Amino acid sequence: MSALRLLSSAARRAPAAFATGRRGYADVADKLKLSLVLPHQALFTSADVVQVNIPAATGDMGILANHVPSIEALRPGVVEVLDSTNTSKKWFVSSGFATVHPNNKLTINAIEAAPLEDFSAEAVRANLAEAQKVAAGSGSEEDKMEARIELDLYEALQHALGR
Amino acid sequence: MSSATWRNVFTYNKYAQIAARALRQSLKENERVAAEKRGVTILRYQQWENGQGGQQVYLNPPEETNPKKSAAV
């Protein structure tokens with residue numbers, strides 16, 4: 001009974017378009033093609049990676065090869081890229097979109113992103129205090145909303161730098 | 001995106017620009033200087049009529065800079 005269930009689950013797991021057949025449960029035969037682009041710089045252009053962790057607005061996600069096509073808006077957070085040698089690289093992105101295309105391609109668009117080493121903890125702390133003051137103050141609704149958006153980013157950044 | 005009420009006030013574009021500006025302001029000193037330049041946008045427009053261009057107008061006029069003090073006294 002369990003053997004039958006194992007067989008049917010294996011058949012369900014293999015994608016229909018995969019003509020060459022066998023795929024081990026543990027290893028990943030396919031690579032994800034990642035393009036992580038900013039308006040001023042392309043950090044990755046169709047690079048082969050194994051896994052990408054993204055801070056989606058609906059929650060953190062890990063994207064592997066053969067992911068279902070999806071579009072996710074990103075919140076300020078850390079994008080982590082794991083390549084085939086299992087080395088992880090992290091960038092903090094300000095916001096943007098991650099799009100998984102049908103042919104194993106992942107495109108992440110962001111306006112600003114930088115590796116975690118490029119941030120200054122004191123600057124973040126100072127900016128956080130400033131934004132808290134404006135958010136709690138008596139300015140216009142727009143100013144307070146702006147401060148709240150910045151607050152989200154600074155808190156996420158502090159959390160990322162703290163770890 | 002956790003304070004999702006900004007949607008009542010801003011467009012997504014504005015939200016993205018605010019977040020990008022906040023990120024730029026948190027960088028270390030030398031990266032920040034290069035990054036701040038990316039945040040600057042300047043727009044000039046000009047009305048054309050009958051093949052004649054009108055006055056070129058800055059969308060946001062640049063601030064008047066004080067004349068630099070000369071080194072010689």
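Letters A, B, ... are given to chains in the order of the sequence lines, protein chains preceding strands, and every chain is numbered from 1. What you see is a predicted model; the values in this text were computed from it and never measured.
Note: A:S94 OG to B:I18 CD1 = 11.5 Å, rounded to the nearest 0.5 Å. Distance check, rounded to the nearest 0.5 Å: OH of B:Y15 to CZ of A:R75 gives 9.5 Å. Note that the OG1 atom of B:T5 and the CZ atom of A:R148 stand 6.0 Å from one another [nearest 0.5 Å].
Contacts of A:Y154 with chain B are made by side-chain atoms alone, with heavy-atom separations under 4.5 Å and no backbone atom involved.
Scanning residues 96-106 of chain A against chain B with a 4.5 Å heavy-atom cutoff picks out A:G96, A:F97, ordered by number. For residues 21-31 of chain B, the interface with chain A (any heavy-atom pair closer than 4.5 Å) comprises B:R21, B:A22, B:L23, B:R24, B:Q25, B:S26, B:L27, B:K28, B:E31, sorted by residue number. Among residues 33-44 of chain B, the residues having any heavy atom closer than 4.5 Å to a heavy atom of chain A are, in sequence order, B:R38. Taking 4.5 Å as the heavy-atom cut-off, the residues of residues 121-134 of chain A that approach chain B are A:A123, A:V124, A:N127, ordered by number.
Under a hydrophobic-cluster definition in which Ile, Leu, Val, Met, Phe, Trp and Tyr are linked whenever side-chain heavy atoms come within less than 4.5 Å, directly or via other members, A:L36 and A:L116 are assigned to different clusters. Linking ILVMFWY residues whenever their side-chain heavy atoms come closer than 4.5 Å, directly or via other members, leaves A:F119 and A:L43 in distinct clusters. Hydrophobic clustering (side-chain heavy atoms under 4.5 Å, transitive across Ile, Leu, Val, Met, Phe, Trp, Tyr) groups A:L74 together with A:L34.
The closest side-chain heavy-atom distance from A:E146 to B:F10 is below 4.5 Å.
When the candidates A:I111, A:L153, A:D118, A:V93 are compared by the number of heavy-atom contacts under 4.5 Å with chain B, A:D118 comes out ahead.
The 12-atom threshold is exceeded at CD of A:Q41, counting heavy atoms of other residues, nucleotides or ligands nearer than 6.0 Å.
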